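Everything below concerns the one structure shown next.
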Amino acid sequence: MPESFAVVTPQGAAIASLFWVALALSALVFALVVGVLVITLVRDRGRPGDPDPEQVHGNRTLEITWTVLPALLLMVMFGLTVRTMQTVNAEPAAPLRVQVIGHQWWWEYRYPDLGVTTASELVLPVGRPARLELTTADVIHSFWVPQIGWKKDVIPGQANSMNVQVDEAGAYDGPCTEYCGTQHAWMRIRLVAQSPDAFEAWTRAQQQPASPPSDPSVARGAQVFASSSCINCHAIAGTSAAARVGPDLSHVGSRSIIGAGVLDNSPDSLGRWIRDPQAVKPGVLMPAYPNFSDADLASLAAYLSGLK
Ligand code: CUA
């Protein structure tokens with residue numbers, strides 16, 4: 001298995017072991033059945049001139065054996081499956097709650113106990129159980145980071161959840177795995193697992209409202225944002241922008257990706273995105289801004305990039 005797909009959660013590890021046990025048992029049964037078949041075909045095949053073989057009807061021992069053995073195997077698999085489900089579904093004490101909300105076509109992450117809202121990047125502390133509460137703002141999506149070890153659908157009118165503990169620091173990328181419209185392919189997930197200290201620092205930074213920029217060009221960017229239709233969809237804590245249609249931009253500068261993974265985050269790509277999102281991600285529910293002057297666009301991108 002490539003290193004990049006190695007599972008980093010105890011829940012995922014339990015599922016992976018179950019898979020290997022099931023695979024080993026299946027391989028054993030397969031080898032046994034095919035082995036006996038091949039031996040019989042080779043050793044006992046009829047040759048010209050052979051008399052008719054002895055005619056046999058029924059064999060109680062064989063009948064019982066090939067009924068009881070598979071039944072036992074199934075019972076073992078059933079037991080192992082139940083045990084794995086108990087491991088995966090176990091409710092941890094005092095988990096970090098994260099509301100994971102699927103949107104066409106991006107992921108929103110709210111930490112209700114921390115007062116933090118972000119998008120595109122799910123940040124978790126290493127070694128602490130987290131409870132992902134999965135809901136959707138529109139259609140069915142599916143949340144899958146391969147290194148978590150399993151995935152879960154995100155369904156309208158239903159609250160699903162996953163208990164996840166990431167044991168290894170790193171950045172793990174995953175896709176939406178349920179077709180949800182034009183930009184289903186650009187509905188990426190980036191899970192960033194950090195040391196508890198780094199997570200603590202991240203949380204404190206995310207809890208801060210934006211401070212008014214002092215640089216005049218950046219302040220112009222803030223003005224452009226506040227006076228344009230940006231505020232119809234986006235929120236920036238500490239300003240009057242509080243809409244919840246699109247991603248919360250309070251700390252957009254701290255994220256490594258924008259547009260749910262379609263671009264790496266930089267002032268240049270932010271400018272490109274705002275100018276004409278349809279050119280970057282056709283179908284995205286954000287209008288273009290052809291009327292911003294180049295200077296205003298650069299100021300706006302600098303302002304957003306500075307929102308760490
Ligand atoms: Cu969301 Cu596919």
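Owing to the predicted nature of the structure, the values given are computational and were not obtained by experimental measurement. Counting starts at 1 for both ligands and their atoms, following the listed order. The basis for the numbers below is simple: all heavy atoms, side chains too, and nothing from hydrogens, waters or symmetry mates.
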Near atom 2 (Cu) of ligand 1, protein N/O/S count under 2.8 Å comes to 4
Counting only heavy atoms not in Arg83, do more than 12 fall under 6.0 Å of its CZ? no
Give a yes-or-no answer on whether the side chains of Asp167 and Gln165 include a donor-acceptor pair shorter than 3.5 Å. yes
Before giving the answer on side chain to side chain contact (heavy atoms under 4.5 Å, CB included), spell out for Thr136 and Phe143 the whole-Å C-alpha distance, their side-chain angles and the decisive distance to 0.1 Å. CA-CA 11 Å; Thr136 170; Phe143 185 86; over 6 Å; no
Within the side chain of Asp153, is there an N or O that forms a donor-acceptor pair under 3.5 Å with the backbone of Ile155? no
Go through the side-chain N and O atoms of Gln207 and Arg204 and say whether any donor and acceptor fall under 3.5 Å apart. no
Short N-O contact, Asp294 and Arg275, less than 4.0 angstrom: yes
